[in-house]
*Asks:* 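Mind having a look at this structure? Questions to follow.
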Amino acid sequence: MNIFATFKSRIDAVIGELAAEGALPAGLDLARVAAEPPREASHGDVTTNAAMVLAKPAGKAPKEIANLLVARLKKVADVTDASVAGPGFINLKLNDEIWRSGLRDVLTTGTSYGDGAPGQHGVINVEYVSANPTGPMHVGHARGAVVGDALARLLAKAGFTVTKEYYINDAGGQVDHVARALRARYLQALGKLSEEDVQGMLQRKEIMYGGDYLVPVAEALKARDGDKWAAATDDKVWIPVLRDFTVAYMMKAVKEDLEALGVHHDVFSSEKALVDAGKVDDALKFLENAGLTYTGVLEPPKGKTPDDWEPRPQLLFKATQFGDEVDRPVKKSDGSWTYFAGDIAYHKDKVDRGFNNLVNIWGADHGGYVKRVQAALKALTAGKGALDVQLCQMVRVLNNGEPVKMSKRAGTFVTLRDLLDEVGKDVVRFIMLTRKNDAPLDFDYAKVMEKSRENPVFYVQYAHARGRSVFRLAKEMFPAADLSDGGLAKADLARLTDPDEIGVLRTIANWPRTVEGAALAHEPHRLAFYMYELASQFHGLWNKGNEETHLRFLQPEDQSVSCARLALVRGVGLVIASGLAVFGVEPVEEMR
RNA sequence: GCGCCCGUAGCUCAAUUGGAUAGAGCAUCUGACUACGAAUCAGAAGGCUGGAGGUUCGAGUCCUUCCGGGCGCGCCA
């Protein structure tokens, strides 16, 4: 039960009554009326802006409306007081019992507390990672993977039906380049080239990928095929073979990395399969029939004409009709499709599979690409499809403040494996979600393992572990008590009276709002801040008991109050566990 | 040059998406351990939200413009 949603509907009902009696105009739009927790706790328990947002449409002063509403709201269930404040806010004070009943909800629903009604928001497709199968996953991919996965879990929790998807860029020039690089490493494995030869080829740009991660791939190819491809001269023959071999090898590695990170996709879509099935041709035919493609010549970008610029007629998509700055090429000069053409086909494919609500998680370096894909989606769906692109900024990897250098070209970059080996899956996942994704993130090996309040993953886990340790002790202290969630739900929660105890219950009551808000905004990181806040309150309460012993959770002489407080401790634990589940992080039973 | 993102306490970041007196942590200062694990907690101090205009009951949030930073800008993906 979402307390704020409950009061939103009660407030709406009061407005409806007043309208029915003629005190307010009928048919007011209540969409902007909100029932929220006030920022300032001293303002009460629930605040509403109703009087202010209705002032203009109702043609009355905010305070006048507020006074009308306050008189009625005082009589609404659970309200102990209502008052007008500031420019027309209405502050409601509630019976503490409402927070206690919120805690009972947590105990009876467990970690599904805060879930939206399944399917209430329809279907949605989240595409993330989509790393090129040309090398191992690095930190940048890891951030996208975690953000996408957490967002998908969050959306599911809020009541979306979610499909998690990965787009494999296994067509086009990059995978051919990898095939050529693999050929060099293969010849090296056969003893026909030296390391110096390979580095020379790299410097002369004869091959584009030089990382030694291709060495084991070459060994594997040699193990399978011997020297079968050593003498092959026709690159139409050997490139497809080596390319497919690399792609398969890399995708296997990528999937293993994702598995180790706890990321699972429902669907893997292959660009090559799309091309082979003729879907790119179909999609472009679709746009052509709609009159949205033409052959034209693009102007060079203003103020920055590339050295080798030459005007060239190309097949273009009329992206400007859908909000993009320029029309975008869909065909290369050699007649093959551009990457964008493939992406048009891919997004059409998603739409054809029934998805009109799409989210893509990309690296920030693809920011310039967003508008054209959104334009394409509008063109493909007659404006009905929605595509939100969440861009992930850089991750700076540090060790005790020292930057760890990354360069994919030189083959030295921080891989996802490095991260996992260094700090573990749960820490990687949590830290990646402690910033909004469009802000750069510092990932410091040393700091994320620190056991201090500065380290949010530790701080939140510590709160959970502390709660568990109370239960271990409680079982010894009250062997006969029913400490199951169901048993605690029956505890006499009226024994929870301290303002800080009620404060924790307030935060717990805010969890469903937080989940829904974060889901609709596509911002999973909000849950990290929520969990930190809840942990902070819990630690505060714990420590208060150090000085005021009557506030300690366990009172050996008073099982009734102990059980009420255990219910609170359990509620905190369940909400934290529920947030960590969205993050794909295991709550710990004890700190080691 | 153009487009997108960003600019909040000395530092790292929040701010319920347009709400009330802009909040946390670190660092600084002051306190609390014969403990429910102090790996923590309580308190103090710290601000012209980059600058200037505008929109309205109300702006860190929206619009315009300038300054500063990041990313990108036709046959890479």
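The sequence lines fix the lettering, A, B, ..., with proteins before strands; numbering per chain opens at 1. Here the structure is a predicted model, which is why all the values come from computation and not from measurement.
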*Asks:* Round to the nearest Å and state the distance from A:Lys331 atom NZ to B:C76 atom C1'.
*Replies:* 19 Å
*Asks:* Check every strand shown and say whether A:Gly540 touches a base, only sugar-phosphate, or nothing at a heavy-atom separation below 4.0 Å.
*Replies:* sugar-phosphate
*Asks:* Scan A:Ala171 against the nucleic acid and name what it touches under 4.0 Å (heavy atoms): base, sugar-phosphate only, or nothing.
*Replies:* sugar-phosphate
*Asks:* Verify the ring-centre separation between A:Tyr167 and A:Tyr346: is it less than 6.0 angstrom?
*Replies:* yes
*Asks:* Rounding to an integer number of angstrom, what distance separates B:C57 and B:C48 when you compare their C1' atoms?
*Replies:* 23 Å
*Asks:* Rounded to the nearest angstrom, tell me the gap between atom NE2 in A:His539 and atom C1' in B:G25.
*Replies:* 13 Å
*Asks:* Would you indicate what A:Phe458 reaches in the nucleic acid, counting non-hydrogen atoms under 4.0 angstrom: base, sugar-phosphate, or nothing?
*Replies:* base
*Asks:* With a 4.0 Å cut-off on heavy atoms, is A:Gln555 in touch with a base, just the backbone sugar-phosphate, or nothing at all?
*Replies:* nothing
*Asks:* Below 4.0 angstrom from OP1 or OP2 of B:A32, is there any side-chain N or O of A:Asn543?
*Replies:* no
*Asks:* Check the distance between B:A77's C1' and A:Glu127's CD and give it to me in whole angstrom.
*Replies:* 12 Å
*Asks:* Counting heavy atoms from C-beta on, name the nucleotide in B:A77, B:G74, B:U40 closest to the side chain of A:Pro329.
*Replies:* B:G74
*Asks:* Quick one: stems for RNA chain B, with Watson-Crick or G-U pairs under 3.5 Å, at least three in a row?
*Replies:* B:1-7 with B:67-73, B:10-13 with B:23-26, B:28-32 with B:40-44, B:50-54 with B:62-66
*Asks:* So among A:Tyr462, A:Tyr459, A:Phe553, which one has a ring-ring contact (aromatic ring centres under 6.0 Å, His included) with A:Phe538?
*Replies:* A:Phe553
*Asks:* What's the shortest heavy-atom distance between A:Val561 and A:Arg495, and which atoms?
*Replies:* CB-NH2, 3.6 Å
*Asks:* I'd like to know if the side chain of A:Gln461 reaches the main chain of A:Val588, judged simply by a donor and an acceptor atom lying under 3.5 Å from each other, with no hydrogens or angles considered.
*Replies:* yes
*Asks:* For A:Glu271, which contact category applies under a 4.0 Å heavy-atom criterion: base, sugar-phosphate, or nothing?
*Replies:* sugar-phosphate
*Asks:* Do A:Gln390 and A:Asp388 meet the criterion of a side-chain donor-acceptor pair at a distance under 3.5 Å?
*Replies:* yes
*Asks:* Over all strands shown, is A:Lys56 touching base, sugar-phosphate only, or nothing at heavy-atom distances under 4.0 angstrom?
*Replies:* sugar-phosphate
*Asks:* If you apply the rule salt bridge (Lys or Arg N to Asp or Glu O under 4.0 Å), what do you find for A:Arg180 with A:Asp176, and how did you get there?
*Replies:* CA-CA 6 Å; A:Arg180 291 178 194 280; A:Asp176 286 355; over 6 Å; no
*Asks:* How far apart are the C-alpha atoms of A:Val470 and A:Arg466, what are their side-chain angles, what is the distance that settles it, and do they pass the side-chain contact (heavy atoms from CB on, under 4.5 Å) test?
*Replies:* CA-CA 6 Å; A:Val470 175; A:Arg466 272 186 151 174; 5.7 Å; no
*Asks:* Would a distance-only check, ignoring hydrogens and angles, find a side-chain to backbone donor-acceptor pair under 3.5 Å from A:Asn49 to A:Met52?
*Replies:* no
*Asks:* Taking the P atom of each, how far is B:C6 from B:G50, in whole Å?
*Replies:* 13 Å
*Asks:* How many whole angstroms separate atom NZ of A:Lys371 from atom C1' of B:G3?
*Replies:* 6 Å
*Asks:* Between A:Lys332 and A:Pro37, just flag the one whose closest nucleotide in RNA chain B comes earlier from the 5' side.
*Replies:* A:Pro37
*Asks:* Look at the rings of A:Phe443 and A:Tyr445 and say which category their plane angle falls in: under 30° parallel, 30 to 60° tilted, over 60° perpendicular.
*Replies:* perpendicular
*Asks:* Centroid separation under 6.0 Å, is that true for the rings of A:Phe89 and A:His43?
*Replies:* no
*Asks:* In a check of side chain to side chain contact (heavy atoms under 4.5 Å, CB included) between A:Trp99 and each of A:Ile508, A:Thr507, A:Asp45, which one passes?
*Replies:* A:Asp45
*Asks:* Could you measure between the two P atoms, the one in B:U49 and the one in B:G43, and give it in whole Å?
*Replies:* 26 Å
*Asks:* Using modelled atom types and a 3.5 Å cut-off, is there a donor and acceptor pairing between side-chain atoms of A:His177 and backbone atoms of A:Tyr209?
*Replies:* no
*Asks:* If we take the P atom in both B:G23 and B:A44, what is their distance in whole Å?
*Replies:* 13 Å
*Asks:* Check for a donor-acceptor pair, side chain of A:Asp324 on one end and backbone N or O of A:Thr320 on the other, with a separation under 3.5 Å.
*Replies:* no
*Asks:* Rounding to an integer number of angstrom, what distance separates B:A59 and B:A22 when you compare their P atoms?
*Replies:* 12 Å
*Asks:* What integer distance in Å separates A:Asn360:CG from B:A77:C1'?
*Replies:* 14 Å
*Asks:* Under a 3.5 Å cutoff, is there a donor and acceptor pairing between the side chains of A:Asn360 and A:His347?
*Replies:* yes
*Asks:* Look at the aromatic rings of A:Tyr339 and A:Tyr369 and report parallel, tilted or perpendicular, splitting at 30° and 60°.
*Replies:* tilted
*Asks:* Under a 3.5 Å cutoff, is there a donor and acceptor pairing between the side chains of A:Ser536 and A:Arg453?
*Replies:* yes
*Asks:* Of all the nucleotides listed (B:U40, B:C5, B:C76), which has the minimum atom distance to the side chain of A:Asp438?
*Replies:* B:C5
*Asks:* Measure the distance from CE on A:Met591 to C1' on B:A38 and round it to the nearest whole Å.
*Replies:* 15 Å
*Asks:* Between A:Trp337 and A:Leu473, who's closer to the 5' end of RNA chain B by nearest nucleotide?
*Replies:* A:Leu473
*Asks:* Where along residues 448-456 of chain A does a heavy atom fall under 4.0 Å from RNA chain B?
*Replies:* A:Lys451, A:Ser452, A:Arg453, A:Glu454
*Asks:* Any donor-acceptor pair under 3.5 Å linking the side-chain atoms of A:Tyr530 with those of A:Asn510?
*Replies:* no
*Asks:* Please state how far atom OH in A:Tyr209 lies from atom P in B:C76, giving the value in whole angstrom units.
*Replies:* 12 Å
*Asks:* Under 3.5 Å between N/O atoms: give me all the protein pairs with nucleotides 18-23 of chain B, atom names plus distance.
*Replies:*
| from | atom 1 | to | atom 2 | distance (Å) |
| --- | --- | --- | --- | --- |
| B:A20 | OP2 | A:Arg39 | NE | 3.4 |
| B:A20 | OP2 | A:Arg39 | NH1 | 3.2 |
| B:A20 | N6 | A:Thr47 | OG1 | 2.6 |
| B:A20 | N6 | A:Asn91 | OD1 | 2.6 |
| B:A20 | N1 | A:Asn91 | OD1 | 3.3 |
| B:A20 | N1 | A:Asn91 | ND2 | 2.9 |

*Asks:* How about CD on A:Glu299, more than 12 heavy atoms from neighbouring residues, nucleotides or ligands closer than 6.0 Å, or not?
*Replies:* no
*Asks:* Show each protein N/O and nucleotides 68-71 of chain B N/O combination with a separation under 3.5 Å, one pair to a line.
*Replies:*
| from | atom 1 | to | atom 2 | distance (Å) |
| --- | --- | --- | --- | --- |
| B:C71 | O2' | A:Ala364 | O | 3.0 |

*Asks:* Quickly work out the A:His177 NE2 to B:A77 P distance and round it to whole Å.
*Replies:* 8 Å
*Asks:* Are side-chain N/O atoms of A:Ser270 and A:Asp170 paired as donor and acceptor at under 3.5 Å?
*Replies:* yes
*Asks:* I need the residues from residues 312-328 of chain A with at least one non-hydrogen atom less than 4.0 Å from RNA chain B; give them sorted by number, or say none.
*Replies:* A:Arg312, A:Gln314, A:Glu325
*Asks:* Please verify the inter-ring angle class for A:Phe529 with A:His525; under 30° counts as parallel, over 60° as perpendicular, anything in between as tilted.
*Replies:* perpendicular
*Asks:* Distances for protein N/O vs nucleotides 7-14 of chain B N/O pairs under 3.5 angstrom?
*Replies:*
| from | atom 1 | to | atom 2 | distance (Å) |
| --- | --- | --- | --- | --- |
| B:U12 | O2' | A:Arg435 | NH2 | 2.9 |
| B:C13 | O5' | A:Arg435 | NE | 3.3 |

*Asks:* Check the pair A:Lys348 / A:Lys279 against side-chain contact (heavy atoms from CB on, under 4.5 Å), numbers first and verdict last.
*Replies:* CA-CA 9 Å; A:Lys348 182 171 189 304; A:Lys279 292 201 180 177; over 6 Å; no
*Asks:* What is the nucleic acid contact for A:Glu310, judged by heavy atoms within less than 4.0 Å: base, sugar-phosphate only, or nothing?
*Replies:* base
